[in-house]
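Keep in mind that the numbers below use all heavy atoms, side chains included, and drop hydrogens, waters and symmetry copies. Just so it is clear, the structure is predicted and the values come from calculations on it, not from any experiment.
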Amino acid sequence: MDSLLSLQTPSNNPHPHSPPGLTPTPLRLQPTQMPLLVPKPEPLDDFFFSNNSQQRPHWFPHQQQLQPPQPNNNEFELHAPPFASSSPEEQEDSELYNHFFRVSQLFRTAFSDTLFQKDAVPEPVTPQLQSQSHSNFQDSLSYASSSQPEPEAEVEATPEADSRALVPVPPSSSLVVAAPSKRVSKKKLLVRVSKLRLHEQLHFREVVRRTRMIYDSIRVLCTIEEEKRVQEEKRAAEEKRAAAVADVVTIAADEPFAASESTIECSSSAETTVSVAVPAPESAGEQQSATDNGAGNKQPKTVNRGEADAKMARRMRQRGDIRAAKMMRLKHLWLNCDKRIVGAIPGVYVGDVFLFRMELCVLGLHGQIQAGIDYLAASMSPNNEPIATSVIVSGGYEDDMDEGDVIIYTGQGGQATNSVRQATHQKLESGNLALERSMYHNIEVRVIRGMKYEGAAAKSGKIYVYDGLYRISECWFDVGKSGFGVYKYKLVRIEWQPKMGSAILKEARSIRKSGVDFQPMYCLSVDISNKKEKVAVRLFNDIDDSKEPLCFDYLLTTIFPPFVFHQSGTATGCDCIGGCMDGCFCSMKNGGEFPYNQQAILVRGKPLIFECGPFCSCPPQCRNRVSQNGVKNKLEVFRSKQTGWGVRSLDLIHAGAFICEYSGVVLTREQAQLLTMNGDSLIYPNRFSERWAEWGDLSQVNLDYVRPSYPSIPPLDFSLDVSTVRNVACYMSHSSSPNVMVQFVLYDHNNLMFPHIMLFAMENIPPLRELSLDYGVANEWTGKLSICNG
């Protein structure tokens, strides 16, 4: 309130703190027998009932103070202060003021149950505070008759904030008032990313690469947990069966009659049945008879061991790809979740291969887990119309036609359960309507093809490859092969895009199976290893006439000096017969866990890995013998315009899979200095970047993650001479964002200073994509970048 009421007593006695030159206008009031009380000015409300204050009731020190009200049956008893003088004129002018005071006290009493707690009293206004309020608000003036003030009362409790509410506030336990929240808009921004600069393209590619690496690392770790869980369940089942057989033997010894009716049938086949007189775990093959015999014992239960094991395996099998995606979503590691990108996804290249469909969701390439059409719903679209962003073409509908650059895509819906045949008519809604609206607005869609391929990790045998952008040129309603109406869309691939990934996969499959290239005149050698490798290594050149790789002898594995084996110490190995198990000697050398899972995939990178060697009793198929078994993928050395000679694979290489060894002749530091004077090609292992630390790095998922530091190795002080002999790895090109990493491995000796240089995939590498390696910075011996690429 900007203006406040200014009062003056009939005695015209000015207030001691009245500003000079200001004379309040007197008000004529009716006589009364009550004392004069003035309501507190509004600007002083902030001081009323403040914590630890010494305020007095709102009258002046020369007036006699009001006695503190005391609670009495939820009502307050009013005490009127006596006046120093009781002349009729003063009593007449005081009636209205005291009446106002009484009404205000009754108002506060009726509408505030929590005004006074225990014996709390109103806090008085001190002269200092009164003087401060007068200086701050000069238009607030009040006068009263003089009286002697009583001693100030001590405040014991502070009233609650609701005590001065004009409307009664119920206790918090009886009513919860929720403030109306603003409606958050569900609209999502449609974005098209184009005309990226080179450094921006490299940035987004690195973001996608690291995101995919985290996903694959978590997925591989989940497979290790599944394997351990299955092994524990099988071990527990075997112990339970052994206990059941022991119980039967005990009963047979104690009760000959019961033993004559109990049978134990053992068979070497997978469908072994066990009949026991004790309860067995529930399973699909369990048959129970509730008939009791004369002795009161139930007849034995028949358990089909093969079916029980199969059901247990199905129950224990967990989808590692789904678990990895959920974990990354909880940590907000999914890409492009805050917006919908129309067109190409930055960092995702045409031809990229994905082993699981959940990875498409993680990258924002296709947001639907099962549906083939990903679209932005009308409620979330800026123009209130559904817009399609991507489709998956996997042959799930009988009316689909895929000719590569042109696709006749069938809309969604109307299919029978677990069938590709139509059961009902399709409707122009959801994804079907979104495709029609995208055609109307001339918006392109991403096409991901799902196809069955050799080496797929999914149970369905499918992989997913990104084939670029398509435009929807036509849309019509037609009668399908099953006689029901379906919506069809004609998708045409946009020009000037890289070659389709699905076409590259089919080409690589044809070369791998038939061994004949579409251009046989450019295949210089079918196998440059001369059958030293288990899988042939091709040589291909369609650029020029160079045949340089044929001038070198092929070296299968690294050649170490003799003293390396003599200084290895005592030869040790595991005693496992059928294969290494948890807790064996070789697993303890690796820190208590095996470096690979059952599919020979590297679980996480380490400074050094110990594989089983010649002194171990385990067979060659042991899970801890991976890199020593040589190349498994069909590799090819090819001529490239950008990198000279390069290496690619005709097979799909999984992330974490072993590729090959980087072999050469080991030289000491002194020997290397002599050879560098002649300009010979040398490779320095100590200069390879520690990319192994990125594989299995879960620091963004687990804050307690610690980078592996065991087993530690000393600084490597040797080099590899590849001037006369080399293998396929020597032709790998250098890249600061590689798809191959170096992992040091020991298996044939125990000398930590001379490990083998093994190469593993850092991501899923599609066929015919060049393999790249980070050779590191310039070495301290020659000052040149350590790249061996003629």
Side-chain angles (χ1 to χ4, degrees), residues 508 511-512 515-559 630-631 633-651 653 659-667 671-672 674-685 687-688 719-735 738-740 742 757 759 765 767-776 778-779 781-782 784-790:
I511 298 175
R512 186 178 60 253
V516 178
D517 201 340
F518 296 108
Q519 298 173 326
M521 70 287 298
Y522 299 123
C523 183
L524 304 183
S525 175
V526 178
D527 185 10
I528 62 174
S529 69
N530 295 323
K531 298 183 180 181
K532 294 180 181 179
E533 296 281 7
K534 296 180 179 179
V535 182
V537 180
R538 294 203 330 157
L539 178 62
F540 186 84
N541 184 1
D542 58 351
I543 304 297
D544 52 31
D545 297 332
S546 177
K547 301 180 181 180
E548 181 183 357
L550 297 178
C551 301
F552 298 91
D553 292 335
Y554 195 90
L555 184 63
L556 183 62
T557 185
T558 301
I559 300 177
V631 176
N633 299 305
K634 191 173 183 60
L635 302 179
E636 178 184 80
V637 179
F638 72 102
R639 191 66 170 171
S640 173
K641 294 181 179 180
Q642 292 78 20
T643 60
W645 291 103
V647 180
R648 59 191 180 189
S649 173
L650 297 177
D651 295 315
I653 303 178
I659 299 177
C660 64
E661 179 181 359
Y662 206 117
S663 61
V665 179
V666 173
L667 301 178
Q671 294 173 338
L674 294 176
L675 288 179
T676 52
M677 296 179 182
N678 300 327
D680 293 334
S681 300
L682 298 180
I683 298 298
Y684 307 99
R687 290 302 180 181
F688 282 112
S719 63
L720 293 178
D721 180 17
V722 293
S723 58
T724 57
V725 290
R726 57 179 61 175
N727 72 337
V728 62
C730 296
Y731 300 99
M732 288 189 184
S733 59
H734 169 77
S735 175
N739 51 18
V740 178
V742 172
I757 304 174
L759 305 183
I765 305 176
L768 299 180
R769 175 167 292 183
E770 185 174 0
L771 308 181
S772 58
L773 188 64
D774 189 355
Y775 283 86
N779 65 80
W781 293 348
T782 63
K784 298 179 181 180
L785 191 64
S786 300
I787 302 177
C788 177
N789 193 9

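Contact between Glu533 and Ser529 at its shortest, heavy atoms only, is N-OG, 3.5 Å. Shortest non-hydrogen contact noted between Tyr684 and Ser719 is CD2-CB, 3.6 Å. For the residue pair Lys532 and Leu556, the shortest heavy atom distance occurs at O-CD1, 3.6 Å. Nearest heavy-atom pair across Cys660 and Val728 is SG-CG1, 4.1 Å. Residue Asn739 comes nearest to Ser772 through the heavy atom pair OD1-N, 2.9 Å, listed as atom of the first residue, atom of the second, then distance. Ser649 approaches Asn633 most closely through the heavy-atom pair OG-CB, 3.9 Å.
You'll find the side chain of Leu759 reaches within 4.5 Å of the side chain of Met732, heavy atoms only. Ile528 has its side chain within reach of Val637: a pair of non-hydrogen atoms, C-beta onward, lies under 4.5 Å apart. At least one side-chain heavy atom of Glu770 sits less than 4.5 Å from a side-chain heavy atom of Phe638. Between Leu650 and Leu768 the shortest side-chain heavy-atom distance falls below 4.5 Å. The side-chain heavy atoms of Trp645 and Pro549, taken from C-beta on, include a pair separated by under 4.5 Å. In this structure, the side chains of Leu773 and Tyr662 come closer than 4.5 Å at one or more pairs of heavy atoms. Ile659 is listed as a side-chain neighbour of Leu771, based on a closest heavy-atom distance under 4.5 Å. Considering only heavy atoms from C-beta on, Val722 stays 4.5 Å or farther from Leu682 through its side chain.
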>> Please evaluate residues Phe688 and Ile683 with respect to the criterion side chain to side chain contact (heavy atoms under 4.5 Å, CB included), reporting the C-alpha separation (whole Å), side-chain torsions for both, the decisive distance (0.1 Å), and the verdict.
In response: CA-CA 9 Å; Phe688 282 112; Ile683 298 298; 3.7 Å; yes
> Would Leu720 and Ile757 satisfy side chain to side chain contact (heavy atoms under 4.5 Å, CB included), going step by step from the backbone distance to the final call?
Replying inline: CA-CA 10 Å; Leu720 293 178; Ile757 304 174; 3.5 Å; yes
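Interatomic distance, CG of Asp721 versus CD of Gln671, reported as 9.5 Å (0.5 Å rounding). In this structure, Cys523 SG and Arg538 CZ are separated by 4.5 Å, a value rounded to the nearest 0.5 Å. Here NZ of Lys547 is found 6.0 Å from CG of Leu524. Values are rounded to the nearest 0.5 Å.
Under the rule for a side-chain hydrogen bond (donor to acceptor under 3.5 Å, both in side chains), the partners of Asp544 that lie at least two apart in sequence or sit in another chain are Asn541, Arg639. Under the side-chain hydrogen bond (donor to acceptor under 3.5 Å, both in side chains) criterion, Thr557 pairs with Glu661, not counting sequence neighbours.
If you check the side chains of Ser546 and Glu548, you find no donor sitting under 3.5 Å from an acceptor. Side-chain atoms of Ser663 and Asn727 form a donor-acceptor pair, as typed in the model, at a separation below 3.5 Å.
Remark: side-chain polar atoms of His734 are not paired, donor with acceptor, to backbone N or O of Asp774 under 3.5 angstrom.
With respect to Glu636 and Arg648, a salt bridge is recorded, a charged nitrogen being found less than 4.0 Å from a carboxylate O. Between Asp651 and Arg512, at least one side-chain nitrogen of the basic residue sits less than 4.0 Å from a carboxylate oxygen of the acidic one, meeting the salt-bridge criterion.
Relative orientation of the Phe552 and Tyr731 rings is perpendicular, given thresholds of 30° and 60° on the angle between their planes.
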